[in-house]
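A short worksheet on the structure shown next.
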Amino acid sequence: MAEMTLIQAITDTMWSEMERDEKVFVLGQDCGRYGGVFKATAWKSQEDGSPDQSEKMYDRFGPLRVLDAPLAENAIIGGAIGSAIAGYRPIAEIQFMDFIDCAMGHIVNQAGVMSFKTNGSWCCPLTIRTPFGGDIGGGITHSQSNEAWFCHAAGLIVMTPSTVEDAAGLLRTAIRCDDPVLFIEHKKLYRSVKGEAPTDPDFMVPIGKARIHQSGSDITFVAYGNMLIRAMEATRILQKEGVSVEVIDPRTLWPLDLDTIVNSVCKTGRCVVISESHSSYGFSSEIAARVQEGAFWNLLSPIRMISAPDTPYPFDPAMEKAYLPSVETILKAAKGAMEND
Amino acid sequence: MAEMTLIQAITDTMWSEMERDEKVFVLGQDCGRYGGVFKATAWKSQEDGSPDQSEKMYDRFGPLRVLDAPLAENAIIGGAIGSAIAGYRPIAEIQFMDFIDCAMGHIVNQAGVMSFKTNGSWCCPLTIRTPFGGDIGGGITHSQSNEAWFCHAAGLIVMTPSTVEDAAGLLRTAIRCDDPVLFIEHKKLYRSVKGEAPTDPDFMVPIGKARIHQSGSDITFVAYGNMLIRAMEATRILQKEGVSVEVIDPRTLWPLDLDTIVNSVCKTGRCVVISESHSSYGFSSEIAARVQEGAFWNLLSPIRMISAPDTPYPFDPAMEKAYLPSVETILKAAKGAMEND
Amino acid sequence: MTDPTKSKESYALFRPMLKTRLLDERMRKLFRQGRFKGTYFSAVGQEATNVGTGTHMREGDILAPSHRQLGAMVARGITAKRVMAQVYSKAESPDGAQQHPCHFGDPQLDIVSPTGHVAIQVVLAAGAAYAYLMDAWREGKVKINWDKEGIVWAGNWTLEEGHEMNCAFSFFGDGATAKGDFHESLNFAGIHKLPVVYVCENNLWAESAHLTENVPTEKVSDRAAAYGMPGITIDGNDIFEVNRVVGEAVRRARRGGGPTLIECMTYRWYGHSEIDPADYRTEEEVAKWKERDPLLVFRATMEERGEWDEEIVAKIEAEINEEIDEAIDWVEEESTDPQPDQFLDVTFRTSSLNEVVRREWEKRDG
Amino acid sequence: MTDPTKSKESYALFRPMLKTRLLDERMRKLFRQGRFKGTYFSAVGQEATNVGTGTHMREGDILAPSHRQLGAMVARGITAKRVMAQVYSKAESPDGAQQHPCHFGDPQLDIVSPTGHVAIQVVLAAGAAYAYLMDAWREGKVKINWDKEGIVWAGNWTLEEGHEMNCAFSFFGDGATAKGDFHESLNFAGIHKLPVVYVCENNLWAESAHLTENVPTEKVSDRAAAYGMPGITIDGNDIFEVNRVVGEAVRRARRGGGPTLIECMTYRWYGHSEIDPADYRTEEEVAKWKERDPLLVFRATMEERGEWDEEIVAKIEAEINEEIDEAIDWVEEESTDPQPDQFLDVTFRTSSLNEVVRREWEKRDG
Ligand SMILES: Cc1ncc(C[n+]2csc(CCOP(=O)(O)OP(=O)(O)O)c2C)c(N)n1
Ligand SMILES: Cc1ncc(C[n+]2csc(CCOP(=O)(O)OP(=O)(O)O)c2C)c(N)n1
Ligand SMILES: [Mg+2]
Ligand SMILES: [Mg+2]
């Protein structure tokens, strides 16, 4: 029951699944000898939760199972899919989610349709891990959150952990799942989120089950990743002001656990959705649309949607601050909702 | 003032813009000698609106300005962008929208960010034309409607015509626009929609201005492409039953003309959004989210969202029928909304 | 003076080639008669390349075709019934009628259907081949040869003498070689010396695009040099040549010798699909290639060898026609239509996820 | 015995090379001192390739660099101030501080900043080159040579004697050549014989990936054969060689002779970026390459020629250091910070669209 970082839980989970099933393997740029640019494929944890730097994943499982892939996203994803239909369970890493657009065709029109186009005879047990999100000074192409594209597609599960426990449980579910999973990891949370890792080597979190991160009765916040952290900060402030907030982390972005979200809003009557991706056609709109559908008669005020602007992601720190929804943004929206304007 | 097909208006508009500005050129697979697989780059119209088969666009403007591009979507889009920053105004055709995922990186992370990353010094006057949508027996990869991906991005204008007039006016706007435009054309409408073409060689439709396709007072329908046609069919039936429907075609999908849509729903109190793309994170959700935000206090019942399932697009005709929202689907939703359930 | 063994082998090549031709011509006709929907991609003219390659496949080898590889599938063992079920969009179709009639494969025979994106499945073949390498490595048959610093190994491994790996078969056209996917696949395979055979059917055209509009080199096989693999251009209409050259490449691949790019010069007699008039080509060109009909080339060789046997041929032809007739009768009279809503149950292996999409659909139309 | 003209030319190459080195080392230091944010991609060791190429650019020629081409930009004329404004994310930066400090270009000098996607801008270069071909054709300088059927023309055209086109300059690393974008660009340029020069800086590593993990051939220039263009591998640390070989390629391109792939063997002395310890390489390898320091190679040649002149060098060095010092003083004391919300006004050229995004943002945070 060691306390560890979120990224360490990710490494540990891959490690334990690779121990368990020799068909599980990892491929990606710099994933092998280097252990990944974020060190996600480097070292498993030791007793105290810190990385055991005596042995890399590459050394433990060998260069074929921890493949230093070429600088070629189509080869990585398309190759992983090929290995999957030949019996393997690849975990492909895309170094930054920003570059996933290079392999869009393979993900959407090969992985996502594999079961469908074989009338269910074949499946595609592929996990794509990729770091997303900003607040790390990454600029245009190291900060993007493009998950909505994959939620607006067919045959793909999309999930993201915001706690250590979920990192382990969701990733294990993804690896053991026979369907393709896009597993997005918020870079900012990698080392800032810490927690106890589950000890059960079969610990899994089900697909499509939200986590009620905090219970409350006045207003519902829906968020994941770094925005969940900010939502929690806003929650603490509101709590002091006597506002009781229910905070929901959907965990799986497709399929959504609408029951949990809608039930919460039916109870609170108010909802703020917070996302750091572009404002149009994204997560915030999706949640707002579904909530107005399911909780219409219980809504006390319009659902507030908070997102990033429809501009590219700026680098300059002051701009980045202005770009991302802040705790103040959330507070303002929550107050608007509470005042039933 | 000839009556012509929607696709003929598209050809004519390109033709007239190419006559007007020698920096305008066309590139795409089979666009040259063959005139395009849908013949969009083949012949301009004659007096009666039918194609004048005596001269192809290729012959009129030469093989360099009507380029038979290689089977390489990155070369087509990336190449078009390069020509744009070297002073041209490319019209790139992606043969089917299904294949646009191959060039996703160039569209989103090169065209969309060109102005931004040069602090406004440069721009990217690129038009991407591509046929989308189903109901033509095309199966998985000849029927997709992936426009929401590009609406959930930065720096891209997305538009689609549903009338002959709009085909001419919107496409001219796109070609003359200094920013990248994704211009999607519904295959089913190419030859089934007919109308009078505008005679003004400078006729343009503004970006971000919806068209009220039909005025009404009881309920608002929002749709484009083939779903607009179905919405109009449903409207005619409802009209007979005494229900007055306002039908809105947004025409530009990014940016949306929310004023027109929200004002309409404020008036009618009810809204059905119809789209043939996947149900999650798509157009229907976007409209529903924005309408609940803007027209909350006027809504008489939840906004109905009608879309295609989150599965790949099936081929079999009976399946295709089941897959797409039908007139009956729309009627059912409208009745639900009218009954204020 | 005919060598019966040889002769027997030859007819084992001839039978699937003729079956492909007869099946193909029959489907063209059926389509033109409006007896099935969609369109039809004829591969008439390209049978030798397909069959000459396809006959080298073993169970477990993946075949990743593009949209014009009926012959490879026939050689692999696909039945006329399966093919008919496919083009007629019947429940018995390999894809359950979910896909377009002309984008097909057969999961039962390890044939991956193309999705429609040209060249995408070329990458998939390399991935499967990587899996075969891992298979051999997990069985202890692969020795990695590190450089002296212990850093570099890519492509530098030795397969245990006598061991044979599975082999991936990738088919694509000349046009497809302009795609980045082609490059990323061959590059990956070249780096790791993967057991894959790349067969390019150079039929001079990619829809209406001429070879020179997609390929800047004299030969498509010139591209192989970029991947450190052998590249060879052969007469794709001579099944004996195809069979021999591909056979060598397959053997080398299985034994750890790495991938090969084989360019087969061939020609499609008809339009890109049945709705294409193919008026971008000259009549002379078509006529010239029809003279090089793979069936005639076969016959000429056999006659030269004194092995052409009208009786055998007639018998084979009759058998094939019987299979085709039966298949058509079956598909038109006995096969079953798919359930209009069945596509809702096959997007995922995880059944609860299919329920998610079904519920949403039922809410809409139920 | 020194030939003053020659000598003068040589120092015209030396100056930008030294400026690149001094600027680069200075920025590394500034970054390590925490004086600017982001990270820093040093190109120390690769100056000769960059400058030897960059000096061939003319106004109107597009330069499409990747993330390690400071030298090409310096040769093109970028000032120390612009570069400092860039890495310090100042309002005066070529990108207005919108982009990452290390992904930069300069629109004033026709340098396209890379977005961050490796190899994407390689395609853009081909597109610009296609525009140059169209320019010449519109001016009536290009004659198309049809085949006898009037169908085929791709790449088969003649430029009017004496006419020179603009030329596009594309830079990329060894790793980038594994990307499909590389292929689609060179293929397109090969098909149409576009005026573009492809300069691959082969520094043996792509982040931690060794050359052999991205490139299956002995030389990157072996890839040229796939595109029907000349490919050549040269000593990228010898500015005279680079300058000469690139010069020939540029001249050929301008005169309608088509593209060239030039592989320059070089080395980055430091990590992929300043936060990379680069412990995947051996110390011997680094030491060996430092001996081949482009500045030392230049000096050796000049000494051999008897043209090395300490005085000139000292003078150049002093001038450069002065420019750099001034630039740093300016950037740290006089330059202006960008407006935190200015990014809202530059996504589109069409101002009403920027208003759309601004309104949405003001609703959120206003
Ligand atoms: C990514 C993509 N782009 C475009 C198309 C449209 N398309 C289908 S087949 C084809 C030509 C293929 O030519 P080739 O590879 O030579 O194969 P052939 O048809 O000659 O067998 C094209 C352009 C497609 N299916 N996928
Ligand atoms: C499409 C894409 N994939 C991955 C990356 C991450 N990345 C940035 S630079 C780099 C290595 C580049 O190597 P090379 O092309 O050899 O250039 P060098 O850094 O050696 O100059 C990688 C993998 C990226 N920026 N873009
Ligand atoms: Mg072809
Ligand atoms: Mg490199």
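Within every chain, numbering begins at 1; the chains are lettered A, B, ... in the order of the sequence lines, protein sequences first and strands thereafter.
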Does some side-chain heavy atom of B:Arg65 sit less than 4.5 Å from a side-chain heavy atom of D:Trp137?
yes
Hey, is NZ on D:Lys81 packed in by over 12 heavy atoms from elsewhere, all under 6.0 Å?
no
Report, as yes or no, whether the 6.0 Å neighbourhood of atom NZ on D:Lys37 holds more than 12 heavy atoms from other residues, nucleotides or ligands.
no
Would you call the rings of B:Trp254 and D:Phe348 parallel, tilted or perpendicular if under 30° counts as parallel and over 60° as perpendicular?
parallel
For D:Glu59, I'd like to know if atom CD has over 12 heavy atoms of other residues, nucleotides or ligands within 6.0 Å.
no
Can you tell which part of D:Asn354 gets under 4.5 Å to a heavy atom of chain B, answering side chain, backbone, both or neither?
neither
Is any NZ, NE, NH1 or NH2 atom of the basic residue among D:Glu360 and B:Arg290 found under 4.0 Å from an Asp or Glu carboxylate oxygen of the other?
yes
Mind ranking D:Ile144, D:Asn187, D:Thr350 by heavy-atom pairs under 4.5 Å with chain B and telling me who comes out on top?
D:Thr350
Can you tell which part of D:Phe104 gets under 4.5 Å to a heavy atom of chain B, answering side chain, backbone, both or neither?
neither
How about D:Trp153 and B:Asp68: do any of their side-chain heavy atoms sit closer than 4.5 Å?
no
Comparing B:Leu67, B:Leu71, B:Ile85 against chain D, the one with the most heavy-atom pairs below 4.5 Å turns out to be B:Leu67
Report which part of D:Ile111 has an atom under 4.5 Å of a heavy atom belonging to chain B: side chain, backbone, both, or neither.
backbone
Taking all non-hydrogen atoms of both residues into account, name the closest pair between D:Leu353 and B:Pro255 and its distance.
CD2-CG, 3.6 Å
Chain B contact via D:Val357 - which portion, at a heavy-atom distance below 4.5 Å:
side chain
Mind checking whether B:Val113 and D:Gln98 have side chains closer than 4.5 Å, heavy atoms only?
no
Let me see the working for D:Asp181 and B:His106 under side-chain contact (heavy atoms from CB on, under 4.5 Å), right down to the final yes or no.
CA-CA 10 Å; D:Asp181 299 281; B:His106 289 265; 2.6 Å; yes
Taking side chain as everything from C-beta outward and backbone as N, CA, C, O, which of these in D:Pro114 sits under 4.5 Å from a heavy atom of chain B? Side chain, backbone, both or neither.
backbone
Given D:Val112 and B:Lys117, is the side-chain contact (heavy atoms from CB on, under 4.5 Å) satisfied, shown in steps?
CA-CA 9 Å; D:Val112 206; B:Lys117 72 176 184 158; 3.9 Å; yes
D:Asp135 portion near chain B, given a 4.5 angstrom heavy-atom threshold
both
Specify the closest pair of heavy atoms between D:Ile151 and B:Arg33, including all atoms of both residues, with the distance to one decimal.
O-NH1, 3.5 Å
To the nearest 0.5 angstrom, please state how far the CG atom of B:Asn109 sits from the NE2 atom of D:His117.
4.0 Å
Please classify the contact between B:Leu156 and chain D as side chain, backbone, both or neither, with a heavy-atom cut-off of under 4.5 Å.
backbone
Among D:Pro107, D:Ala128, D:Gly96, residue most engaged with chain B (heavy-atom pairs, under 4.5 Å)
D:Pro107
D:Gln121 versus chain B, the contacting section by heavy-atom distance below 4.5 Å:
both
Side-chain (B:Tyr88) to main-chain (D:Tyr130) donor-acceptor, under 3.5 angstrom:
no
Below 4.5 Å, heavy atoms only, C-beta onward: do B:Met114 and D:Leu124 meet side chain to side chain?
yes
Is D:His183 close to chain B through its backbone or its side chain, or both, or neither, when contacts mean heavy atoms under 4.5 Å?
neither
Largest heavy-atom contact set with chain B, pairs under 4.5 Å, which of D:Ile191, D:Ile62, D:Leu133, D:Asp110
D:Asp110
Quick check on B:Pro70 against chain D: is it the side chain, the backbone, both or neither that has a heavy atom closer than 4.5 Å?
side chain
B:Cys123 versus chain D, the contacting section by heavy-atom distance below 4.5 Å
both
Are any non-hydrogen side-chain atoms of D:Trp146 and B:Pro63 less than 4.5 angstrom apart?
yes
Test item: D:Arg349 side-chain N/O and B:Ser115 main-chain N/O as donor-acceptor pair under 3.5 Å
no
Is it true that, when you exclude D:Gln339 itself, more than 12 heavy atoms of the residues, nucleotides or ligands shown sit nearer than 6.0 Å to its CD?
no
Can you tell which part of D:Lys363 gets under 4.5 Å to a heavy atom of chain B, answering side chain, backbone, both or neither?
side chain
Atom CZ of D:Phe188 and atom CG of B:Leu27: how far apart are they, to the nearest 0.5 Å?
6.5 Å
Can you check whether B:Thr118 reaches D:Pro94 side chain to side chain, under 4.5 Å on heavy atoms?
no
So, D:Arg138 side chain and B:Lys23 main chain: donor-acceptor pair closer than 3.5 Å or not?
no
Looking at D:Thr115 and B:Gln110, would you say the former's side chain and the latter's main chain have a donor-acceptor pair under 3.5 Å?
no
